[in-house]
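Take a look at the structure below.
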Amino acid sequence: MASLITASLIQTRSGSVDGLKASGGWMGKEKAKVVGVKAATTMGGGGGGRGGAKYKGTQMREKKLTKMIEEKVKEAKQVCEGDERSDECKVAWDEVEEVSQAKAHLRLKLLHKQDPLESFCQDNPDTDECLIYED
Amino acid sequence: MAVCSAYTIQSLNSTKTHLGFHQKQVILYTPTKKQSTITCSVSDKTVVIGLAADSGCGKSTFMRRLTSVFGGAAEPPRGGNPDSNTLISDTTTVICLDDYHSLDRTGRKEKGVTALDPKSNDFDLMYVQVKALKEGVAVEKPIYNHVTGLLDPPELIKPPKILVIEGLHPMYDARVRDLLDFSIYLDISNEVKFAWKIQRDMAERGHSLESIKASIEARKPDFDAYIDPQKQYADAVMEVLPTQLIPGDNEGKVLRVKLIMKEGMKYFSPVYLFDEGSTITWIPCGRKLTCSYPGIKFSYGPDTYYSHEVSVLEMDGQFDRLDELIYVESHLSNISTKFYGEVTQQMLKHADFPGSNNGTGLFQTIIGLKIRDLYEQLIASKAATPLQATKA
């Protein structure tokens with residue numbers, strides 16, 4: 001994808017070629033091996049500088065979602081021990097999917113430096129949620 | 001799109017220019033020496049597009065490409081609930097159908113229903129509000145908060161030029177279906193779904209291969225019962241499958257993408273290769289074009305899908321270079337571009353989006369252009385009927 005990327009028509013958010021280098025399609029990151037490795041990659045590639053939460057409120061949301069994923073996976077495993085086909089089991093895994101999706105969306109936004117609290121915090125800079133979080 | 005007529009009326013006692021939304025009219029109050037006002041009537045109807053996808057709302061790549069074709073980036077509404085799922089650009093508003101959940105997370109747990117189950121969704125409200133927006137009336141739409149799992153206070157949605165309703169059930173209810181001017185179903189095969197979810201979730205502490213697999217399996221019965229059958233109603237189905245170019249490939253890196261397009265629609269003419277209605281297999285790589293492994297393979301032909309006539313365009317493989325993309329674009333017909341290379345330009349504009357080097361990005365972009373074309377045709381046909389001039 002390198003030559004595709006250097007074409008002059010492209011504009012990138014980060015402005016860096018690095019960000020695009022590994023973004024060749026869905027599985028752009030060669031190092032995203034499936035088995036046994038917690039890939040440190042995120043959807044959509046992006047090599048230069050991982051996006052992080054800008055505001056305290058977003059950082060808290062991130063942490064909350066991470067914790068919820070862990071808890072709900074545990075819960076689903078427990079609930080499904082009895083009967084895999086039960087409604088409770090279906091609902092438990094559906095919740096896991098819901099929070100996993102929410103976390104992934106947040107991660108993607110942050111990768112593109114779009115903190116969801118951006119416009120709220122511009123209007124309400126003094127709230128606790130809007131403390132700027134320095135990494 | 002607006003048609004404006006100028007009227008002379010009493011000037012208002014004001015030093016500011018006001019822009020008000022009142023149903024179908026945009027009313028501009030400006031104190032001028034001439035004491036005149038321009039009253040514009042926006043088009044009677046909003047064009048409504050339905051997108052069925054299981055990847056959450058408004059942030060999906062398809063949506064981003066679609067809104068980009070119409071110009072501008074879609075942003076969450078300013079100053080509102082930061083957990084709003086809605087996206088708004090100059091021309092387009094994207095609504096997440098999760099906002100029509102009748103049961104919040106606790107409610108669903110109590111009743112033992114997943115979000116996929118129609119029982120957890122208020123189709124009456126969905127119908128009433130989509131209909132209202134289509135007719136140019138603003139609505140107070142609920143917000144489903146995916147972080148808290150609760151239903152938040154509603155947000156005001158004004159009727160846009162193009163309304164996209166995205167989610168699990170855009171075509172489930174027959175009344176809502178009838179409101180759609182165009183509908184798309186994103187059909188991801190199980191192997192690809194698994195590979196994508198691994199890519200998405202493996203970085204999370206709580207997840208493992210087993211949990212990702214278990215989640216997909218547990219949701220499958222409801223998915224097959226309630227979501228999958230919507231395919232038959234879609235005007236275009238985008239099927240994403242593993243490649244056939246690499247024997248035994250299961251990593252989901254190289255994709256085979258099929259665009260199944262309904263025939264006989266008034267404002268939508270299916271994309272074709274070389275000769276409409278014939279059957280073609282095309283490998284562009286050869287003497288004029290050099291591709292790297294595994295190359296690119298296209299096929300095109302007529303077919304039947306759920307007992308209606310369709311045309312199917314399929315791409316297997318990956319683009320590796322700009323000239324491959326241009327070459328392919330120049331051989332496709334009915335792609336509704338406004339200039340040569342527009343598809344390529346759109347793809348390059350979002351080269352960082354997933355799928356930019358394969359059929360998903362290509363077909364999503366083309367569908368976006370075809371929707372633009374459909375929109376323009378619809379508006380042109382409505383402009384042919386005289387609009388009512390209204391007094392302020």
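So you know, we letter chains A, B, ... as the sequences are listed, proteins then strands, and number each from 1. Note that this is a predicted model, so its numbers are computed, not measured.
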Considering non-hydrogen atoms only, spot the tightest contact between [X] and [Y] and give its length.
X         : Y         : result
Ser100(A) : Asp201(B) : CB-OD1, 3.6 Å
Ser211(B) : Trp93(A)  : O-CZ3, 3.5 Å
Val91(A)  : Gly112(B) : CG2-C, 3.4 Å
Lys90(A)  : Ala218(B) : CG-O, 3.5 Å
Glu98(A)  : Tyr144(B) : OE2-OH, 2.6 Å
Pro82(B)  : Pro116(A) : CB-O, 3.8 Å

At a heavy-atom separation under 4.5 Å, does [X] approach chain A through its side chain, its backbone, both, or neither?
X         : value
Asp54(B)  : both
Arg219(B) : side chain
Lys197(B) : side chain

With only heavy atoms counted, which part of [X] is less than 4.5 Å from chain B, the side chain, the backbone, both or neither?
X        : result
Lys74(A) : neither
Glu97(A) : both
Ala76(A) : neither
Lys67(A) : neither

Quick check for you: to the nearest 0.5 Å, what is the distance between [X] atom [atom1] and [Y] atom [atom2]?
X         : Y         : atom1 : atom2 : result
Glu217(B) : Cys89(A)  : CD    : SG    : 11.0 Å
Lys103(A) : His207(B) : NZ    : NE2   : 10.0 Å
Lys109(B) : Asp94(A)  : NZ    : CG    : 11.0 Å
Arg61(A)  : Thr148(B) : CZ    : OG1   : 8.5 Å
Leu108(A) : Thr61(B)  : CG    : OG1   : 7.5 Å

Side chain proximity check, [X] to [Y], heavy atoms < 4.5 angstrom:
X         : Y         : value
Glu204(B) : Val73(A)  : no
Asn85(B)  : His105(A) : no
Arg205(B) : Ile69(A)  : no

Please answer whether the main-chain N or O of Val113(B) pairs with a side-chain N or O of Asp87(A) as donor and acceptor at a distance below 3.5 Å.
no
Exam field: side chain Arg107(A) to backbone Arg200(B), donor-acceptor pair closer than 3.5 Å
yes
Quick check on the interface: out of Thr58(A), Thr66(A), Val96(A), Leu117(A), who has the most heavy-atom pairs with chain B under 4.5 Å?
Thr66(A)
Within the supplied structure, the quantity of interest is the number of heavy atoms (other residues, nucleotides, ligands) at a distance under 6.0 Å from Lys297(B) NZ; does it exceed 12?
no
Applying a criterion of heavy atom separation less than 4.5 Å, what residues of residues 118-126 of chain A form contacts with chain B?
Ser119(A), Gln122(A), Asp123(A)
